*Asks:* 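Here's a structure for you.
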Amino acid sequence: MNGARSWLLLLAISVAACSNDEGGSTNLFGPSVDEVILEVDYAAGAAPFDAYPRRAGSPWELLEDNLEALFAQSPPGTRIVPQTLSEMQGLGRLSSGPDFTTSEILEIAGANRDVDSTELSRSFYIVFLDGFFEDQAGRQDQVLGVSIGDTGVIAMFKPVVGTSEDALSRFVEQTTLIHEIGHAVGLVDNGLPLASDHLDEENGAHCTNDRCVMYWLNERVADAIQFARERLMGEDTVVFGQECLDDAYAAAQ
């Protein structure tokens, strides 16, 4: 593993505007997994935000707050969240792009991912790309991020997130990431059993609570921005709805 390239969490991790490939997810909330390894890489021109324009702190503190909430009833373990680019890994310019298919994203992960999951530890690989998601219908220029099945691979598309020097862009990026982690860990019947009836069957693996980061409309850029704006104005930084938190808590028992 390269220095600060990988970050260990017993919390797992992305919101809005995603496209979720079908697939399950490993239950990270029980006592059998005592370590989660998070790797964050970024291509040239796609570095994630790691500071606010006019205030102290890191946008990644939002992710940290939500991971703490999600794993609040899980066994204790190592919980470290990257806060700065020095704690992540730059990949330089990639030979693929600017449109990235699922297979191309997995190839990038295969070439750069350092840590594989084991019986006692699970890894997530998050890569920020200077391009767009491409599916069978072509370029999806409104998709902010994707979580690819049960691979633990998440891709974030920086041109869709934007590079605006305001706090709102940072919240959109972080809530998107929280949303994608929600998919990756199996929330809303994507591998993790439901503790209550909150599955939006029409939109698959999304929550019926429109105040939850896992609500399906958060997959559209305009709605993601509105969601981030509303939460930015509030004091509560936890964007998972109680229904999704309860699913994680039930799995921890």
Side-chain angles (χ1 to χ4, degrees), residues 12-25 62-63 66-67 69-70 100-102 105 124 126 132-162 168-234 236-251:
I13 302 192
S14 140
V15 157
C18 76
S19 173
N20 183 41
D21 284 33
E22 293 183 0
S25 181
L62 180 63
L63 170 60
N66 281 271
L67 295 180
L70 195 64
F100 296 88
T101 64
T102 296
I105 294 168
F124 290 100
I126 302 169
F132 303 87
F133 182 58
E134 179 182 349
D135 62 14
Q136 294 179 344
R139 173 182 288 186
Q140 301 301 311
D141 60 7
Q142 297 297 296
V143 171
L144 293 165
V146 294
S147 175
I148 302 178
D150 60 357
T151 65
V153 175
I154 292 170
M156 298 285 291
F157 303 102
K158 195 66 178 183
V160 187
V161 175
L168 182 60
S169 296
R170 287 145 174 79
F171 272 71
V172 169
E173 183 167 275
Q174 285 296 310
T175 51
T176 300
L177 185 54
I178 295 166
H179 183 99
E180 300 309 337
I181 287 294
H183 282 312
V185 303
L187 287 181
V188 204
D189 204 32
N190 195 43
L192 198 67
L194 297 171
S196 64
D197 184 13
H198 64 106
L199 171 65
D200 182 351
E201 296 184 0
E202 291 186 5
N203 295 290
H206 291 101
C207 185
T208 55
N209 179 0
D210 62 6
R211 297 289 296 166
C212 178
V213 74
M214 300 306 294
Y215 187 62
W216 75 278
L217 277 180
N218 287 327
E219 295 191 343
R220 300 179 179 182
V221 173
D223 294 285
I225 292 172
Q226 182 60 32
F227 181 88
R229 180 180 289 114
E230 291 175 357
R231 301 315 291 259
L232 178 62
M233 300 301 292
D236 187 3
T237 59
V238 176
V239 294
F240 284 117
Q242 190 60 51
E243 297 89 346
C244 284
L245 292 176
D246 287 343
D247 290 350
Y249 299 162

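Just so we're clear, the structure is a prediction, and the values are computed from it rather than from any experiment.
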*Asks:* Checking the side chain of N190 only, and the main-chain atoms of A205 only, is there a donor and an acceptor separated by less than 3.5 Å?
*Replies:* no
*Asks:* Can you see which heavy atom on S169 is nearest to which on V161, and at what distance?
*Replies:* O-CG1, 4.1 Å
*Asks:* In Å, rounded to the nearest 0.5 Å, how long is the span from SG of C207 to CE of M214?
*Replies:* 8.5 Å
*Asks:* Start with the C-alpha distance between L199 and L194, add both sets of side-chain angles, then the distance that settles side chain to side chain contact (heavy atoms under 4.5 Å, CB included), and finish with yes or no.
*Replies:* CA-CA 8 Å; L199 171 65; L194 297 171; 3.8 Å; yes
*Asks:* Give a yes or no answer on whether the side chain of Q174 reaches the backbone of V172 with a donor-acceptor pair at less than 3.5 Å.
*Replies:*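 The answer is no, because no donor-acceptor pair under 3.5 Å joins these two groups.
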*Asks:* Could you walk me through whether L62 and F171 satisfy the side chain to side chain contact (heavy atoms under 4.5 Å, CB included) test, starting with their C-alpha distance in whole Å, then the side-chain angles of each, then the deciding distance to 0.1 Å, before giving a yes or no?
*Replies:* CA-CA 8 Å; L62 180 63; F171 272 71; 4.0 Å; yes
*Asks:* Answer whether the closest heavy-atom distance between the side chains of Q142 and V160 falls below 4.5 Å.
*Replies:* no
*Asks:* Under the side chain to side chain contact (heavy atoms under 4.5 Å, CB included) rule, what do Q140 and F132 come out as? Steps first, then yes or no, please.
*Replies:* CA-CA 6 Å; Q140 301 301 311; F132 303 87; over 6 Å; no
*Asks:* Of all heavy-atom pairs between D247 and H198, which one has the smallest distance, and what is that distance?
*Replies:* OD2-NE2, 2.6 Å
*Asks:* Determine which pairs satisfy salt bridge (charged side-chain N to carboxylate O under 4.0 Å, His left out) with at least one residue from residues 200-216, sequence neighbours left out, and list them in order.
*Replies:*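 Counting only pairs at least two positions apart or across chains, the salt bridge (charged side-chain N to carboxylate O under 4.0 Å, His left out) contacts touching residues 200-216 are R211-E230.
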*Asks:* Around D236, counting heavy atoms of other residues, nucleotides and ligands shown, do more than 12 lie under 6.0 Å from its CG?
*Replies:* yes
*Asks:* Under the salt bridge (charged side-chain N to carboxylate O under 4.0 Å, His left out) definition, can you give me all pairs with a residue in residues 151-162, not counting sequence neighbours?
*Replies:* K158-E173
*Asks:* For A69 versus Y249, what's the shortest heavy-atom pair and its separation?
*Replies:* O-OH, 2.7 Å
*Asks:* Side chains of L187 and L70: does their closest heavy-atom pair fall under 4.5 Å?
*Replies:* yes
*Asks:* Can you give me the closest heavy-atom contact between Y215 and N209, atom names plus distance?
*Replies:* CB-O, 3.5 Å
*Asks:* Give me the one residue out of T151, I148, I154 that meets side chain to side chain contact (heavy atoms under 4.5 Å, CB included) with I105.
*Replies:* I148
*Asks:* Taking side-chain hydrogen bond (donor to acceptor under 3.5 Å, both in side chains) as the test, write out the residues that go with T237, two or more places apart.
*Replies:* D65
*Asks:* Tell me, with the steps shown, if N218 and H206 meet side-chain hydrogen bond (donor to acceptor under 3.5 Å, both in side chains).
*Replies:* CA-CA 10 Å; N218 287 327; H206 291 101; over 6 Å; no
*Asks:* At their closest point, which heavy atom of C212 faces which heavy atom of G241, and how far apart are they?
*Replies:*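 Scanning both residues completely, I find the closest heavy atoms to be SG-N, 3.1 Å.
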*Asks:* Working note: F227 + L217, criterion side chain to side chain contact (heavy atoms under 4.5 Å, CB included); need CA distance, chi angles, decisive distance, verdict.
*Replies:* CA-CA 9 Å; F227 181 88; L217 277 180; over 6 Å; no
*Asks:* How far does CE of M156 sit from OG of S147, to the nearest 0.5 angstrom?
*Replies:* 11.5 Å
*Asks:* A side-chain contact here means heavy atoms from C-beta on lying under 4.5 Å apart; do F133 and T102 qualify?
*Replies:* yes
*Asks:* Ignoring hydrogens, what is the shortest heavy-atom contact between P193 and G191? Give both atom names and the distance.
*Replies:* CD-O, 3.9 Å
*Asks:* Taking the side chain as C-beta and beyond, is there a heavy-atom pair between V185 and L192 under 4.5 Å?
*Replies:* no
*Asks:* Got a donor-acceptor contact below 3.5 angstrom from the N66 side chain to the V239 backbone?
*Replies:*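 Yes; judged by distance alone, with no hydrogens or angles, the pair exists.
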